[in-house]
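Working notes, beginning with the structure itself.
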Amino acid sequence: MKVASVQMHSTDNVLENIGKACRYIDEAAIKGADLVVLPEFFNTIFFAQYQDPAYHHLAEADTGRTITAVREAAQRNRIAVVATIYEKEEAGLYFDTAVHIDRTGAIIFKYRKVHPAAVLSLEKIYFRYGTRFDTYPFEDWRVGIGICYDMGFPETARCLAVNGAELLIAPYATSRVNMFQEVLRTRAFENGCYLVAANKVGLEGGWTFGGNSLIAAPDGAILQSAGGLSEALLVADIDRTQVDEARIAYPSRRDR
């Protein structure tokens with residue numbers, strides 16, 4: 001399977017952000033990708049740097065304009081997409097939600113962030129936390145998702161791996177640079193999983209996002225990596241036999 005990671009900058013123009021993301025989906029499909037991952041809150045500026053209830057207006061249902069446009073792009077290109085939005089369940093009840101859309105444009109899985117960040121950002125005042133680390137089938141793979149701060153906790157990736165994940169997807173909106181790639185490579189290595197991370201880049205409000213998106217192999221090797229200054233589209237082939245080989249070479253689950 002071929003996977004892609006989109007590293008992009010967002011502005012306060014939601015429609016422009018959606019259009020840019022859909023163009024990246026088109027480009028990923030041209031490059032032969034089967035699955036493309038967009039950054040966390042790709043369709044908006046990172047509003048959780050501010051304390052202002054007016055930003056609740058950015059929340060959308062999965063039937064809203066953002067996911068509708070992404071579903072159309074997925075169907076048009078026959079490519080799967082993981083798109084993470086500020087999701088409105090109902091007035092006053094919001095989540096940070098990753099939506100997996102398949103090649104037909106159907107939503108096959110939703111994951112709600114379990115760890116809203118309270119380090120610098122104010123996510124906890126904007127949305128409720130999720131409660132589960134479920135995995136799900138996508139074609140021949142078992143997939144698990146952890147959003148941004150989730151992956152700062154070893155338990156997130158471990159729970160997903162114990163629940164069968166072979167591929168970890170990590171949408172990000174973080175300014176963090178120190179140890180960013182090292183932590184993600186460790187999550188891949190210690191669980192014998194591929195990992196696809198997609199981060200924002202550039203200045204949004206008072207935050208400069210760190211980029212450094214990557215695709216990591218189950219042995220922790222970096223297959224593709226972006227820098228910290230520019231938008232990028234990363235594409236790499238992944239092979240399930242490498243998951244087995246990594247887990248045989250480093251049988252941590254046997255010993256744990």
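Numbers here simply count residues along the sequence, with the first being 1. The structure displayed is predicted, hence computed values, not measured ones.
Looking at T104 and D102, their side chains do bring a donor and an acceptor atom within 3.5 Å of each other. N199 and N212 share no side-chain donor-acceptor pair at under 3.5 Å. A donor-acceptor contact closer than 3.5 angstrom links the side chains of Y86 and H56. No hydrogens or angles considered: a donor-acceptor pair under 3.5 Å links the side chains of Y24 and E231. No hydrogens or angles considered: nothing links the side chains of T156 and D150 as a donor-acceptor pair under 3.5 Å. Defined by atom type and a distance below 3.5 Å, a donor-acceptor pair is present between the side-chain atoms of T66 and E60. A donor-acceptor pair shorter than 3.5 Å can be found between the side chains of Q181 and S225.
The minimum heavy-atom distance between S10 and T44, with the atom names listed, is CB-O, 3.2 Å. In terms of heavy atoms, L195 sits closest to A170 at CD2-CB, 4.4 Å. Taking each heavy atom of V243 and G192 in turn, the nearest pair found is CG1-O, 3.3 Å. The two residues Y50 and G205 come nearest to each other via the heavy atoms OH-CA, 3.1 Å. Closest heavy-atom contact between W207 and S121: CH2-CB, 3.7 Å. Considering all non-hydrogen atoms of both residues, L160 and G146 come closest at CD1-N, 4.2 Å.
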Practice task
Give the intermediate values and the outcome of salt bridge (charged side-chain N to carboxylate O under 4.0 Å, His left out) for residues R112 and D96.
Solution key: CA-CA 6 Å; R112 288 169 167 170; D96 186 350; over 6 Å; no
Handout entry: From CA spacing to verdict: side-chain contact (heavy atoms from CB on, under 4.5 Å), R103, D34
Key = CA-CA 8 Å; R103 298 175 190 268; D34 301 288; 2.7 Å; yes
Handout entry: Intermediate values then yes/no, side-chain hydrogen bond (donor to acceptor under 3.5 Å, both in side chains), T11 and N13
Key = CA-CA 5 Å; T11 70; N13 188 317; 5.6 Å; no
Exercise for the section: Would you check, one step at a time, whether the test side-chain contact (heavy atoms from CB on, under 4.5 Å) holds for D134 with Y111? Expected result: CA-CA 8 Å; D134 293 329; Y111 167 78; over 6 Å; no
Exercise for the section: Take F47 and F41 through the test ring pair (Phe, Tyr, Trp, His ring centres under 6.0 Å) and record every step on the way to the result. Expected result: CA-CA 9 Å; F47 55 87; F41 302 142; 5.1 Å; yes
Handout entry: Full working for side-chain contact (heavy atoms from CB on, under 4.5 Å) between R176 and V183
Key = CA-CA 11 Å; R176 178 180 178 179; V183 167; 3.6 Å; yes
Handout entry: Verdict with reasoning, E87 to K113, per salt bridge (charged side-chain N to carboxylate O under 4.0 Å, His left out)
Key = CA-CA 11 Å; E87 184 193 22; K113 187 175 187 176; over 6 Å; no
Exercise for the section: Verify salt bridge (charged side-chain N to carboxylate O under 4.0 Å, His left out) between K200 and E204, making sure each step is shown before the conclusion. Expected result: CA-CA 9 Å; K200 289 189 163 193; E204 295 183 19; 3.0 Å; yes
Problem - R185 and I222: CA distance, side-chain angles, deciding distance, side-chain contact (heavy atoms from CB on, under 4.5 Å) verdict - result: CA-CA 7 Å; R185 293 176 64 189; I222 294 179; 3.5 Å; yes
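Of the residues listed (F109, W141, Y136), the one engaging H100 in a ring-ring contact (aromatic ring centres under 6.0 Å, His included) is Y136, and it is the only one. When each of R247, E166, R158 is checked for a side-chain hydrogen bond (donor to acceptor under 3.5 Å, both in side chains) with N191, only R158 meets the rule.
A distance of 9.0 Å separates OG1 of T97 from CZ of F127, quoted to the nearest 0.5 Å. Separating the CD1 atom in I101 from the CD1 atom in I67 is a distance of 4.5 Å, to the nearest 0.5 Å. One finds the CZ atom of F209 at 8.5 Å from the CD atom of E40 (value rounded to the nearest 0.5 Å). Note that CZ of F180 is 10.0 Å distant from CE of M151, once rounded to the nearest 0.5 Å. For the atom pair CZ (R65) and CD1 (I18), the distance works out to 5.5 Å, reported to the nearest 0.5 Å. Expressed to the nearest 0.5 Å, how far CD1 of I169 lies from CZ of F138 amounts to 8.5 Å.
Looking only at side-chain heavy atoms (C-beta outward), E123 and F46 come within less than 4.5 Å of each other. Within the 4.5 Å cutoff, no side-chain heavy atoms of L35 are placed close to those of V81. Between N77 and D26, some side-chain heavy-atom pair lies under the 4.5 Å cut-off. The closest side-chain heavy-atom distance from L38 to V82 is not below 4.5 Å. Looking only at side-chain heavy atoms (C-beta outward), T208 and S175 stay at 4.5 Å or farther from each other.
Within a 6.0 Å radius of CZ in F153, more than 12 heavy atoms belonging to other residues, nucleotides or ligands are found. Atom NZ of K20 sits in a crowded spot, with more than 12 heavy atoms from other residues, nucleotides or ligands closer than 6.0 Å. Within 6.0 Å of the CG atom in L229, the count of heavy atoms belonging to other residues, nucleotides or ligands does not exceed 12.
Between D140 and R240, none of the side-chain N atoms (NZ, or NE/NH1/NH2) sits under 4.0 Å from a carboxylate O, so this pair counts as no salt bridge.
Judged by the 6.0 Å and 45° rule, R128 forms no cation-pi pair with F95.
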